[in-house]
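Each remark here refers to the structure printed beneath this line.
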2 protein chains.
Amino acid sequence: MSIIFSKGCEYGLQAVLYISTLERGRRILIKEIAAKLQIPVHFLAKILQQLSQKGILKSYKGSKGGFVLGRSPEEIRLIDIVNALDGMSIFTECILGFPGCSTEHPCPVHDRWGKIRTEAFEMLADETIADVKEKSISKIASLNMDS
Amino acid sequence: MSIIFSKGCEYGLQAVLYISTLERGRRILIKEIAAKLQIPVHFLAKILQQLSQKGILKSYKGSKGGFVLGRSPEEIRLIDIVNALDGMSIFTECILGFPGCSTEHPCPVHDRWGKIRTEAFEMLADETIADVKEKSISKIASLNMDS
DNA sequence: TCGATAATAGACTCCATTATCCTTTATCAA
DNA sequence: TTGATAAAGGATAATGGAGTCTATTATCGA
């Protein structure tokens, strides 16, 4: 079971981070990304499709086709990717699953969880893929070391 | 979709919090809890079963049966309930889903997410159901106001 | 001791997420 | 203009979490 994000969202984040480590403008194929990140190709295709529709990626069909970033890496925040794939409900729903959790009718951990959730949101909202590029490069590099 | 915790875990947390608001030693039936919290009875039965096996609740069969807390409310931390139902993997898995995320091979948000995750853990580890009793009472009270 | 009650336990169903497959569309290069 | 390539898109399948059902076991009260 994945925490917080759906599997598709995890894959999408990984894929965009991966693309961001490539030389600017280089078109990369779904199957290359899938192979590198060990993600099912067809499933990844669906996710990249959604990201293209949202403008986070740009796709090219045909030979010499592939994917590139849809805008400059400084303008792609992690939250944009999350929002495109999973939406924003994680930032509004009650962590205990209580219905109608709000300031008027807070759940027992409403305030404390609210703070944590806000920090998580802020992390995703102020980190762009440009900010984490170096870290992405080393993480990606570590991936296929054993296999 | 539920965030962080499984549906069963959410229900379990709600149920234990509810039981903690009742007079000490009062035995409450699954169906009463289910009705109050709007949870499917049979599903809740499964969850309370697990919590009984872990000693968080104590169950009594037969007429005059039902559930009570397995130990004093000061000794039941929220994390105990989470651990019993969902385990601890949320505190170890990579938020981006990268394999082998660790200090040696950190993912791009490893440090920042690590801090947030630790705060979440600490919240669950230092709040006992005794600590949040008053808040639980008012949240539970707010539940069936409309229906 | 017997019937009613309520939790236990395991099998089973349902559905959303995850994953796969195949056809269509667009693009490139020869 | 044609063949190869690669993404788009729709249909289908598998998996796992969520929820249901039924029989069994334990306990109480009459």
Side-chain angles (χ1 to χ4, degrees), chain A residues 1-16 19 26-35 37-70 82 84-87 89-90 93 97, chain B residues 1-16 19 26-35 37-70 82 84-87 89-90 93 97:
Chain A
M1 187 191 50
S2 58
I3 54 168
I4 302 196
F5 303 137
S6 69
K7 219 87 195 75
C9 188
E10 288 183 0
Y11 292 159
L13 285 159
Q14 291 180 27
V16 175
I19 295 172
R26 149 98 185 281
R27 296 184 186 177
I28 186 161
L29 304 182
I30 294 176
K31 61 179 172 188
E32 293 182 77
I33 303 174
L37 300 174
Q38 312 259 57
I39 296 173
V41 238
H42 292 98
F43 190 34
L44 181 61
K46 287 281 146 60
I47 297 156
L48 299 191
Q49 225 176 86
Q50 295 180 66
L51 292 173
S52 294
Q53 288 161 353
K54 303 277 181 169
I56 292 168
L57 296 179
K58 183 151 176 41
S59 70
Y60 298 90
K61 287 183 177 180
S63 52
K64 308 284 173 178
F67 288 87
V68 297
L69 295 180
V82 171
L85 297 171
D86 275 0
S89 65
I90 31 168
E93 302 271 295
Chain B
M1 187 191 50
S2 59
I3 53 168
I4 301 195
F5 303 138
S6 69
K7 220 86 197 75
C9 188
E10 287 183 359
Y11 292 158
L13 284 158
Q14 291 179 27
V16 174
I19 295 172
R26 149 99 185 279
R27 296 183 186 178
I28 186 163
L29 303 183
I30 295 175
K31 60 181 174 187
E32 293 182 76
I33 303 174
L37 300 174
Q38 310 260 56
I39 298 173
V41 239
H42 292 97
F43 190 33
L44 181 61
K46 283 289 153 55
I47 297 156
L48 299 191
Q49 226 175 84
Q50 296 180 65
L51 291 172
S52 294
Q53 288 160 353
K54 304 276 182 172
I56 291 168
L57 296 180
K58 182 150 178 40
S59 70
Y60 298 90
K61 287 184 177 178
S63 53
K64 307 285 172 176
F67 288 86
V68 297
L69 296 179
V82 171
L85 298 171
D86 275 359
S89 65
I90 33 167
E93 302 271 295

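Values reported hereafter were calculated over all heavy atoms of this structure, with side chains retained and with hydrogens, waters and symmetry mates removed. Labels below follow one simple rule: chain letters A, B, ... track the order of the sequence lines, proteins then strands, and each chain is numbered from 1.
With rounding to whole Å, B:Phe5 atom CZ is found 18 Å from D:dA18 atom C1'. Spacing between atom CG of B:Leu85 and atom C1' of D:dA18 amounts to 14 Å, rounded to whole angstrom units. If you take CZ of A:Phe43 and P of D:dG10, they are 17 Å apart, rounded to a whole angstrom. Here the P atom of nucleotide D:dG19 and the CD atom of B:Gln38 are 13 Å apart, to the nearest Å. For B:Leu44 and D:dC21, the CG to C1' distance is 16 Å, given to the nearest whole Å. Here the C1' atom of nucleotide C:dA26 and the CD1 atom of A:Ile30 are 14 Å apart, to the nearest Å. The CD atom of B:Glu32 sits 11 Å away from the C1' atom of C:dA6 (whole-angstrom rounding). Per the geometry, NE2 belonging to B:His42 stands 11 Å off P belonging to C:dA7, to the nearest Å.
Of the candidates D:dA7, D:dT5, D:dT20, the closest approach to any side-chain atom of B:Pro40 belongs to D:dT20. Closest contact between the side chain of A:Ser6 and the listed nucleotides D:dA6, D:dA7, C:dT18 involves C:dT18.
Residues A:Ile4 and B:Ile4 form a side-chain contact, since some pair of their non-hydrogen atoms from C-beta on lies under 4.5 Å apart. A heavy-atom distance below 4.5 Å is found between the side chains of B:Leu69 and B:Leu57. At a threshold of 4.5 Å between non-hydrogen side-chain atoms, the residues A:Leu85 and A:Phe5 do not count as touching. Counting only heavy atoms from C-beta outward, the side chains of B:Leu37 and B:Tyr11 never approach each other to under 4.5 Å. In this structure the side chain of B:Ile39 never reaches within 4.5 angstrom of the side chain of B:Ile33, judged on heavy atoms.
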Distances for protein N/O vs nucleotides 11-16 of chain D N/O pairs under 3.5 angstrom?
unit_1: D:dA11; atom_1: N6; unit_2: A:Lys46; atom_2: NZ; d: 3.4

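Summary of the strand contacts: A:Gly8 and A:Lys64 both lie near DNA chain C, and taking for each the nucleotide with the nearest heavy atom, the more 5' one is attributed to A:Gly8.
Taking both residues in full, the closest heavy atoms of B:Gly65 and B:Leu29 are given as O-CD2, 3.5 Å, listed atom of the first, atom of the second, then distance. Across every non-hydrogen atom of A:Arg26 and A:Glu32, the tightest pair is NH2-OE1, 3.4 Å.
The C1' atoms of five pairs define one axis at each end of the helix from C:dT1-D:dA30 to C:dA30-D:dT1, and these two axes lie 0° apart (to 10°).
Remark: side-chain polar atoms of B:Asp86 are paired, donor with acceptor, to backbone N or O of B:Ser6 under 3.5 angstrom. Of the possible polar contacts, one joining the A:Gln14 side chain to the B:Gly97 backbone as a donor-acceptor pair under 3.5 Å is found.
In this structure, NZ on B:Lys58 lies 13.5 Å from CD1 on B:Ile19, to the nearest 0.5 angstrom. Within the model, atoms NZ of B:Lys31 and NE2 of B:His42 stand 11.0 Å from one another, a figure rounded to the nearest 0.5 Å.
Applying a 4.0 Å cut-off to non-hydrogen atoms, the residues of residues 47-62 of chain A that approach DNA chain C are A:Lys61, A:Gly62, listed by residue number.
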